Amino acid sequence: MQVIDIHNHFFPNSWPDLAARYGTPDWPWIKHTEPGKADIMVGNRFFRHIYSACWDAEVRLQEMDRDGVDQQVISATPVLFAYERPVEHALDCAQLFNDAALELCSRGKGRLKSFCQVPLQDTDAACKELSRCMQSGHLGVQIGNHVGGKNLDDPGIVTFLHHCADVGAAVLVHPWDMFGKDRMPNYMMPWTVGMPAETQLSVVALILSGAFDRLPNTLRICFAHGGGSFAFLLGRLENAFHHHPVARGNCQHPPSHYLNRFYTDSAVFDQRALQFLVGTMGADQVMLGSDYPFPLGEERVGSLIRQSNLPQHTKAKLLSGNAKRFLELKAEAQEGDKKSDTVAGSSPPTPEPGQLTYSFYLKVPELLELQRPQSLPPHHDELLFILVHQTYELWFKELLHDLDAVVANLRRAGMAPQSRDEVYEAARLLRRCTEITRVMVEQFTILETMLPTHFLAFRGLLEPASGFQSEQFREIEFLCGLKDEKMLRYHRPTPEAYASLKRRLEEPSLHDVFFGALEAMGKLAPPPAGATDRERFEARARAVHALYKDEHHHRDWIDVCERLTEFDELVVSWRLRHIQLVERIIGIRMGTGGSSGASYLKLTLDKKFFPELWEARTLLTE
């Protein structure tokens with residue numbers, strides 16, 4: 001498996017005295033302290049200890065071999081950026097270190113590539129130097145995450161990023177010159193606290209300003225150190241976007257929409273953090289970055305990814321596949337293949353960097369990692385058992401989504417009885433719900449391909465989990481009107497599910513809203529004071545009966561009634577098939593969640609969401 005490290009640093013063995021060269025103080029310089037070791041100084045102030053891997057290609061290659069790294073893309077250290085200096089000084093400084101990077105790469109036996117640096121405080125000078133460097137052999141550019149008080153959404157910087165896309169330069173954004181230094185004077189907190197915040201600030205600035213909407217999809221940009229705190233605070237950003245208009249900025253989409261517009265490196269130094277980062281960004285957007293050869297870098301480059309629980313194909317992406325795409329290394333190797341593909345005319349177009357892909361949109365790698373059998377070694381049929389039940393939960397999610405929309409449309413229909421659009425839309429969505437439920441009923445035939453002995457081989461490992469605990473199915477019942485407050489106690493261990501069910505219990509159900517609309521139409525009279533439940537039920541059934549008796553004027557509402565009845569019928573069929581499956585597989589054993597199994601399920605067969613619709617049919621025959 002090839003390994004490419006896109007985030008590591010170098011210093012030359014020596015460089016001119018910049019303070020003397022420019023006539024201004026406090027420039028970085030190198031002080032060799034003993035063979036193979038040196039200090040970086042900024043004026044008279046100590047900045048960092050370094051060693052020969054920074055400037056000696058042979059030492060670097062030996063350590064790459066030790067760590068199993070095939071290729072590095074080196075970049076200067078941000079202390080050399082000089083953004084606060086006069087542009088002519090910053091440009092000359094950039095040229096010195098850009099040429100030094102290429103000189104080091106020339107001794108790297110083809111395994112070292114480089115990012116350049118530019119005087120980002122001047123857009124024209126930065127674009128010109130980038131173009132020179134790309135022609136000289138650099139693969140892209142490393143930039144700081146701000147220039148003084150200007151974030152990456154500054155018009156001049158956005159123009160530079162557009163130029164990067166135009167000339168095909170990959171961009172590595174590295175935090176530097178951290179804010180709040182007066183409050184973080186000790187314990188390296190500017191690096192451990194300030195840097196992650198700086199990086200998040202730069203990502204959020206590009207998103208909320210609308211810069212990503214304006215920049216071309218061909219821009220390839222990566223944020224160092226795992227993107228700082230961005231991935232871990234995305235939920236907070238997303239929540240603000242949806243609930244506070246002022247937090248939406250000028251972007252066209254929610255923040256999570258832009259995750260395929262940029263990469264992050266893997267320099268997070270913790271397995272849980274890496275798993276979360278990949279889960280948030282997607283397996284196509286994270287690549288190996290080590291911060292080698294500095295003390296805050298990865299001690300053994302690539303070990304975090306190699307030792308992770310990520311699947312092999314994801315590790316391959318993080319270790320090299322994504323970097324090849326980011327750096328456009330594949331393009332050269334496959335040029336011959338492209339020609340033959342073009343002649344054949346049989347290959348689909350290759351997605352451009354930054355374009356939405358099937359895998360990223362559907363989160364396929366993450367989806368395929370969600371099946372975790374309890375049996376060890378995994379029993380062959382346990383995967384099927386998990387997949388079918390996960391599929392049920394996905395269908396439940398869609399049913400809740402559509403049934404909520406049905407409720408909203410019927411509520412609007414009740415407010416405007418003369419309108420027909422909302423009634424049509426409710427019927428259309430209810431037809432979808434019936435077809436989904438029909439598919440769910442058929443899924444039982446797949447589970448029935450399991451032998452009872454095969455299920456029993458891992459059934460004992462599932463206790464006390466049970467389908468009885470499906471929060472979403474219970475939510476569907478509550479939403480449709482089949483509410484039982486006693487059921488809430490089974491979901492107390494899951495606070496979020498309990499809160500959702502409590503909300504469903506208290507808000508009007510589809511049953512309530514449907515008959516409320518009939519009342520607004522004048523088809524159902526408000527119940528008199530003291531009316532019994534039976535009297536209320538019969539009144540509702542007669543209201544449905546009245547719709548059917550006046551088909552000419554109420555065909556749209558009759559269609560809604562038919563769809564509700566069909567949905568109700570299919571849910572009962574689903575319950576029946578569930579009972580049959582349970583009896584076929586485990587007989588009359590107790591359920592894994594402690595219920596009486598098939599005996600309990602049989603008690604649910606008489607439960608209907610809309611019994612008045614069925615009673616109306618009896619009235620029609622009288």
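Every value quoted in this text rests on a predicted model; they were computed, and no experiment measured them.
Contact check on E496 versus R503 returns no salt bridge, with no Lys/Arg side-chain nitrogen under 4.0 Å from an Asp/Glu carboxylate oxygen. Salt bridge E369/K363: absent, no basic N to carboxylate O contact under 4.0 Å. Using a cutoff of 4.0 Å between basic side-chain nitrogens and carboxylate oxygens, D404 and R504 are scored as salt-bridged. Salt bridge annotation for E425-R428: present, with a cationic side-chain nitrogen under 4.0 angstrom from a carboxylate oxygen. Comment: E477 does not engage K483 in a salt bridge, judged by the lack of any side-chain N to carboxylate O separation of less than 4.0 angstrom.
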Using the rule given for salt bridge (charged side-chain N to carboxylate O under 4.0 Å, His left out), can you reason through E448 versus R577, listing the C-alpha separation, both sets of side-chain angles and the distance that settles it, and then say yes or no? CA-CA 10 Å; E448 287 174 340; R577 292 292 285 115; 3.1 Å; yes
Between S500 and E475, is a side-chain hydrogen bond (donor to acceptor under 3.5 Å, both in side chains) present by the stated rule, with each step listed? CA-CA 8 Å; S500 294; E475 201 172 341; 4.7 Å; no
Verdict with supporting geometry, Y263 and R325, side-chain hydrogen bond (donor to acceptor under 3.5 Å, both in side chains): CA-CA 11 Å; Y263 299 82; R325 182 158 45 92; 2.9 Å; yes
Chi angles and distances behind the side-chain hydrogen bond (donor to acceptor under 3.5 Å, both in side chains) call for N239, R236: CA-CA 5 Å; N239 180 68; R236 181 178 180 85; over 6 Å; no
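Residues L403 and C433 form a side-chain contact, since some pair of their non-hydrogen atoms from C-beta on lies under 4.5 Å apart. Here the side chains of L461 and L376 are not in contact, with every heavy-atom distance at 4.5 Å or above.
Although no hydrogens or angles enter the test, the distance criterion places a donor-acceptor pair under 3.5 Å between the side chain of R489 and the main chain of K486. Panel note: side chain R584, backbone P452; no donor-acceptor pair is recorded below 3.5 Å. Judged by distance alone, the side chain of N250 and the main-chain N or O of G210 form no donor-acceptor pair under 3.5 Å.
In this model, a donor atom of one side chain and an acceptor atom of the other lie less than 3.5 Å apart for Q371 and Q390. In this model, no donor atom of one side chain and acceptor atom of the other lie less than 3.5 Å apart for S308 and Q275. A donor-acceptor contact under 3.5 angstrom links the side chains of Y258 and D213, judged on distance only. Between the side chains of S419 and E422, a donor-acceptor pair is found at a separation under 3.5 Å.
By the salt bridge (charged side-chain N to carboxylate O under 4.0 Å, His left out) test, R542 pairs with no residue at all, sequence neighbours left out.
Aromatic rings of F473 and Y392 (six-membered ring for Trp) have centroids beyond the 6.0 Å cut-off, not under it. The six-membered or imidazole ring of F455 lies near that of F458, with a centre-to-centre distance under 6.0 Å.
Closest non-hydrogen pair, P526 versus E519, comes out as CG-OE2, 3.6 Å. In this structure, E551 and R555 approach most closely via the heavy-atom pair O-CG, 3.0 Å. What you find for E238 and S256 is that their closest heavy atoms are OE2-OG, 2.9 Å. Residues L570 and T434 come closest through the heavy atom pair CD1-O, 3.2 Å.
Within the structure, salt bridge (charged side-chain N to carboxylate O under 4.0 Å, His left out) contacts touching residues 262-271 (residues at least two apart or in different chains) are D270-R272. For residues 502-546, the pairs satisfying ring pair (Phe, Tyr, Trp, His ring centres under 6.0 Å) are H511-F515, with sequence neighbours left out. Within the structure, the side-chain hydrogen bond (donor to acceptor under 3.5 Å, both in side chains) test picks out the following pairs touching residues 279-289 (sequence neighbours left out): D284-K317. Sorted by first and then second residue, the pairs that involve residues 525-535 and meet salt bridge (charged side-chain N to carboxylate O under 4.0 Å, His left out), not counting sequence neighbours, are R534-E538.
When the options F262, F223, F276 are evaluated for a ring-ring contact (aromatic ring centres under 6.0 Å, His included) with F230, the one that passes is F262.
Remark: Y424 OH is loosely packed, at most 12 non-hydrogen atoms of other residues, nucleotides or ligands lying under 6.0 Å away. Crowding of R431 atom CZ: a count of heavy atoms from other residues, nucleotides or ligands under 6.0 Å not exceeding 12. The environment of H401 atom NE2 is sparse: at most 12 non-hydrogen atoms of other residues, nucleotides or ligands sit within 6.0 angstrom. The neighbour count for E507 CD, taken as heavy atoms of other residues, nucleotides or ligands under 6.0 Å away, is above 12. Surrounding NE2 of H313 are more than 12 heavy atoms belonging to other residues, nucleotides or ligands, all under 6.0 Å away.
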Distance-only donor-acceptor pairs under 3.5 Å for side chains of residues 561-568, two or more places apart:
{"from": "E562", "atom 1": "OE2", "to": "Y548", "atom 2": "OH", "distance (Å)": "2.5"}
{"from": "E562", "atom 1": "OE2", "to": "R617", "atom 2": "NH2", "distance (Å)": "2.5"}
{"from": "R563", "atom 1": "NE", "to": "E566", "atom 2": "OE1", "distance (Å)": "3.4"}
{"from": "R563", "atom 1": "NH1", "to": "D559", "atom 2": "OD1", "distance (Å)": "2.5"}
{"from": "R563", "atom 1": "NH2", "to": "E566", "atom 2": "OE1", "distance (Å)": "3.3"}
{"from": "T565", "atom 1": "OG1", "to": "C561", "atom 2": "O", "distance (Å)": "2.7"}
{"from": "E566", "atom 1": "OE2", "to": "R438", "atom 2": "NH2", "distance (Å)": "2.7"}
{"from": "D568", "atom 1": "OD1", "to": "F609", "atom 2": "N", "distance (Å)": "2.9"}
{"from": "D568", "atom 1": "OD2", "to": "F609", "atom 2": "N", "distance (Å)": "3.2"}
{"from": "D568", "atom 1": "OD2", "to": "F610", "atom 2": "N", "distance (Å)": "2.8"}
{"from": "D568", "atom 1": "OD2", "to": "W614", "atom 2": "NE1", "distance (Å)": "3.3"}

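Distance check, rounded to the nearest 0.5 Å: CG of L274 to CG of N309 gives 10.0 Å.
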